[in-house]
Amino acid sequence: MAIATTDATATPTKRNTKTEAKIKAAFTTLVKTKGFDAMTVSDIARTAGINRGTFYMHYVDKFDLRRQLIDDTIDDLTEILIANAETDTQITTRTGKAICDAFQTRAIAEALRYIKADFAFFDAVSRSGNDFQLYDRVKAVLKRLIVAQAKRFGAQPQPSYNGIPADYAMEILVSAVASIIWLWLRRGCKESPDEICLIIEKNKTTAPIDVLW
């Protein structure tokens, strides 16, 4: 998807046609009112104000519709995170070591604003039987961001980090951030993106044992 760039931020310019936008709105409404399993293509077409033939010009069936909507959303989030990432930002660990900051506040904030602006859709998808797929896709985006930032920083992959095998270490990193975002979404995005960014920022330098009581 194309990106509209400003001096401060970069966010995706939607390529959806008006028809696709109507179909997406209908999908969002029907997931909430009927549920994904119960909705039909006829329901979607009727709610969108189009005929079934028009629907099939864009999608194979409701499963293809859901898949494409999720794909487009993940593409947008990927572009937002990468476009807003700075190449030379570092953070200091508890031991005083300077490391690459993959989850930068500006990039995460833009992604959270995108989610909140389209909350109805994210809420619908998370309740359409594809909640874990969307969660895993978000984690995959965060992993790509870590790898991209590490390469920019010139960091060399290691077999383990602080005694933790690399694949487990990556899972720990992305799961913490993804879980914060996911809980925020499932609770209705009540906090502002800036408040969630602050939680993520504090999480970067907080050891799990520090939050036990």
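Source: prediction; values computed, not measured.
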Problem set entry | Verify same cluster id: W182, L198 (apolar side-chain graph, 4.5 Å) | no

Exercise. Do you know which of L69, D71, I70, L65 makes side chain to side chain contact (heavy atoms under 4.5 Å, CB included) with R67?
Worked result: D71

Problem set entry | Heavy-atom pair of closest approach, residues L185 and S126 | CD2-CB, 4.5 Å

Exercise. Taking atom CG of D37 and atom NZ of K62, what is their separation to the nearest 0.5 Å?
Worked result: 5.5 Å

For this session: Verify the neighbour count for atom CG of D167: are there more than 12 heavy atoms of other residues, nucleotides or ligands below 6.0 Å?
Result: yes

Problem set entry | CG on L81 to CD on E110, rounded to 0.5 Å | 10.0 Å

Exercise. Is the backbone N or O of C189 less than 3.5 Å from a side-chain atom of K116, with the two atoms forming a donor-acceptor pair by type?
Worked result: yes

For this session: Go through the steps to decide whether K32 and D123 satisfy the test side chain to side chain contact (heavy atoms under 4.5 Å, CB included), and finish with yes or no.
Result: CA-CA 9 Å; K32 291 188 173 183; D123 184 53; 3.4 Å; yes

Exercise. To the nearest 0.5 Å, what is the distance between CD1 (I80) and CG (L145)?
Worked result: 12.0 Å

Exercise. Is there a chain of hydrophobic side chains (I, L, V, M, F, W, Y, each step under 4.5 Å between heavy atoms) that links Y168 to V174?
Worked result: no

Exercise. V125 versus T28: any side-chain heavy-atom pair under 4.5 Å?
Worked result: no

Problem set entry | Closest contact, heavy atoms only, H58 versus Q68 | O-NE2, 3.5 Å

Exercise. Taking the side chain as C-beta and beyond, is there a heavy-atom pair between V141 and V138 under 4.5 Å?
Worked result: no

For this session: Would you mind reporting whether W184 and I199 have side-chain heavy atoms less than 4.5 Å apart?
Result: no

For this session: Using a strict cut-off of less than 4.0 Å between a Lys/Arg side-chain nitrogen and an Asp/Glu carboxylate oxygen, indicate whether R113 and D194 qualify as a salt bridge.
Result: yes

For this session: Apply side chain to side chain donor-acceptor pair (under 3.5 Å) to T78 and D75, showing your working.
Result: CA-CA 5 Å; T78 301; D75 286 346; 5.4 Å; no

Seminar exercise, completed: Output for pair (L30 CG, T47 OG1), nearest 0.5 Å, gives 4.0 Å

For this session: Mind listing the closest non-hydrogen atom pair of G163 and P165 along with its distance?
Result: O-CD, 3.8 Å

Problem set entry | Those residues that, when tested against K139, pass salt bridge (charged side-chain N to carboxylate O under 4.0 Å, His left out) (two or more places apart) | E171

Exercise. For atom CZ of R144, is the number of surrounding heavy atoms from other residues, nucleotides or ligands below 6.0 Å larger than 12?
Worked result: no

For this session: Quick one: pull up CD1 in I181 and CG in L142 and give me the separation to the nearest 0.5 Å.
Result: 6.0 Å

Seminar exercise, completed: Looking only at heavy atoms, the pair that brings R52 and S42 closest together is NH1-OG, 2.9 Å

Problem set entry | Transitive ILVMFWY side-chain link V60 to I44, under 4.5 Å | no

Problem set entry | Student check: side-chain heavy atoms of T54 and I23 closer than 4.5 Å | no

Exercise. Are Y114 and F119 in one and the same hydrophobic cluster, where Ile, Leu, Val, Met, Phe, Trp and Tyr link if side-chain heavy atoms are under 4.5 Å apart?
Worked result: yes

For this session: Take D76 and T73 through the side chain to side chain donor-acceptor pair (under 3.5 Å) test and state the conclusion after the steps.
Result: CA-CA 5 Å; D76 283 353; T73 297; 5.8 Å; no

Exercise. Does M170 share a hydrophobic cluster with I172, counting links as ILVMFWY side-chain heavy atoms below 4.5 Å and allowing steps through other members?
Worked result: no

Seminar exercise, completed: Smallest heavy-atom separation, Y135 atom then S175 atom, equals OH-O, 3.9 Å

For this session: Using a 4.5 Å cut-off on heavy atoms from C-beta on, say whether the side chain of Y59 contacts that of R66.
Result: no

Exercise. Rounded to the nearest 0.5 Å, what separation is found between the CZ atom of F121 and the CG atom of D72?
Worked result: 8.5 Å

Seminar exercise, completed: Minimal heavy-atom distance between P193 and A109, with the atoms involved, is CB-O, 4.2 Å

